[in-house]
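The chains referred to below are lettered A, B, ... by the order of the sequence lines, with proteins before strands, and numbering in each begins at 1.
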2 protein chains.
Amino acid sequence: MRDDDIANTMRALGHPVRLEIMRILAKQQGQCCCADVTDSLPLAQSTVSQHIKVLLDAGLIERKPHGTRNRYIIQHDRLAELGTAFGGLLQGLVPAPVHTEAETA
Amino acid sequence: MRDDDIANTMRALGHPVRLEIMRILAKQQGQCCCADVTDSLPLAQSTVSQHIKVLLDAGLIERKPHGTRNRYIIQHDRLAELGTAFGGLLQGLVPAPVHTEAETA
DNA sequence: CCGCAATATCGGTGAATTGCGATAGAACAT
DNA sequence: ATGTTCTATCGCAATTCACCGATATTGCGG
């Protein structure tokens with residue numbers, strides 16, 4: 001994952017409403033449509049749809065048409081990918097690459 | 001960590017330049033001032049200072065005046081905190097809370 | 001005291017984000 | 001076909017972001 005990609009994905013998660021949407025989607029496990037999300041939030045349907053689009057563009061969820069509704073499925077692969085990238089980032093930020101105690105000249 | 005807090009911190013990291021700044025700071029380990037960062041990036045000093053401010057406000061780094069310069073230190077505690085929060089988030093997004101195999105009625 | 005170097009902050013510009021209501025289109029039931 | 005429901009998309013306004021150059025501040029050396 002490139003920095004750009006990490007940054008984009010993190011920014012997609014960098015909004016309380018979108019965090020909440022992810023949780024709502026998780027709770028309903030693939031049986032969740034836009035209206036369900038809207039009902040759970042104090043926001044207009046268009047606004048929710050926008051937030052969903054951001055998550056879609058980041059690859060964090062996937063749209064699956066189902067009759068007149070659309071179901072949204074969390075992409076756990078993608079989340080895991082981000083988790084790994086984030087872990088790698090933390091790793092790279094770690095204080096000191098001390099090799100051996102005896103090596104401290 | 002509240003959602004707001006998680007979102008803010010993630011958004012602070014949600015920019016490639018700021019990721020890079022974090023890496024630069026890590027590499028120089030506390031001996032790094034604003035000019036050093038600016039020299040490593042194709043951006044104006046004021047822009048770099050702005051990005052640093054974002055990281056400061058998110059608590060991801062700390063300023064430590066040192067003569068006419070300012071040194072910036074990565075707050076590993078804060079990073080770890082975010083890591084934990086992010087892990088918890090992933091946990092909460094996990095597909096199914098299956099208790100036992102025998103329980104699958 | 002005077003200039004210099006480092007840096008934060010101000011003012012401005014253009015782009016992106018966040019929110020809304022209104023609208024268009026698809027699928028369905030009647 | 002017609003109306004209903006669900007949802008994406010289109011303006012639109014307000015806000016924030018990203019970037020810049022210019023400026024003010026602060027500490028240091030002469």
For this session: Give the rounded distance in Å between these two atoms: CD1 of A/Ile21 and C1' of D/dT7.
Result: 14 Å
Exercise. Which residues pass the side-chain hydrogen bond (donor to acceptor under 3.5 Å, both in side chains) test with B/Arg69, sequence neighbours left out?
Worked result: none
Exercise. What's the NZ-C1' distance between B/Lys53 and C/dT9, to the nearest Å?
Worked result: 9 Å
Exercise. According to the side-chain hydrogen bond (donor to acceptor under 3.5 Å, both in side chains) rule, which pairs have a member within residues 41-65 of chain B, sequence neighbours left out?
Worked result: B/Arg18-B/His51, B/Arg63-B/Tyr72
Exercise. A/Leu41 CG to C/dC20 P: how many Å, rounded?
Worked result: 10 Å
Problem set entry | Contact check, side chains of B/Ser40 and B/Asp36, non-hydrogen atoms, under 4.5 Å | no
Problem set entry | Rounded distance (Å) that lies between atom P of D/dC17 and atom CG of B/Leu13 | 15 Å
Exercise. Atom CG of B/Leu19 and atom C1' of D/dA18: how far apart are they, to the nearest Å?
Worked result: 15 Å
Exercise. If you look at every strand shown and take non-hydrogen atoms under 4.0 Å, does A/Arg71 touch a base, only sugar-phosphate, or nothing?
Worked result: nothing
Problem set entry | A/Cys32 side chain reached by A/Val37 side chain, heavy atoms, under 4.5 Å | yes
Exercise. Rounded to whole angstroms, how far apart are CG on A/Asn8 and P on D/dA18?
Worked result: 12 Å
Exercise. Does any non-hydrogen side-chain atom of A/Val94 lie less than 4.5 Å from one of B/His76?
Worked result: no
Exercise. Shortest non-hydrogen contact from A/Leu60 to A/Leu79?
Worked result: CD2-CD2, 3.8 Å
List, with names and distances, any nitrogen or oxygen atoms from the protein found under 3.5 Å away from nitrogen or oxygen atoms belonging to nucleotides 22-30 of chain C.
none

Seminar exercise, completed: Those residues at least two apart in sequence (or on a different chain) that pass side-chain hydrogen bond (donor to acceptor under 3.5 Å, both in side chains) with B/Asp5 are B/Arg78
For this session: Calculate the interatomic distance between B/Arg63 atom CZ and C/dT9 atom C1'; express it in whole Å.
Result: 11 Å
For this session: Using a strict 4.0 Å threshold on nitrogen-to-oxygen distance, state whether B/Arg23 and A/Asp3 make a salt bridge.
Result: yes
For this session: Any salt bridge (charged side-chain N to carboxylate O under 4.0 Å, His left out) involving residues 83-92 of chain A? Give me the pairs, sequence neighbours left out, ordered by first then second residue.
Result: none
For this session: Spell out protein contact along nucleotides 11-19 of chain C as letters: B when the base is contacted, S when just the sugar-phosphate is, - when no protein heavy atom is under 4.0 Å; keep the 5' to 3' order.
Result: -------BS
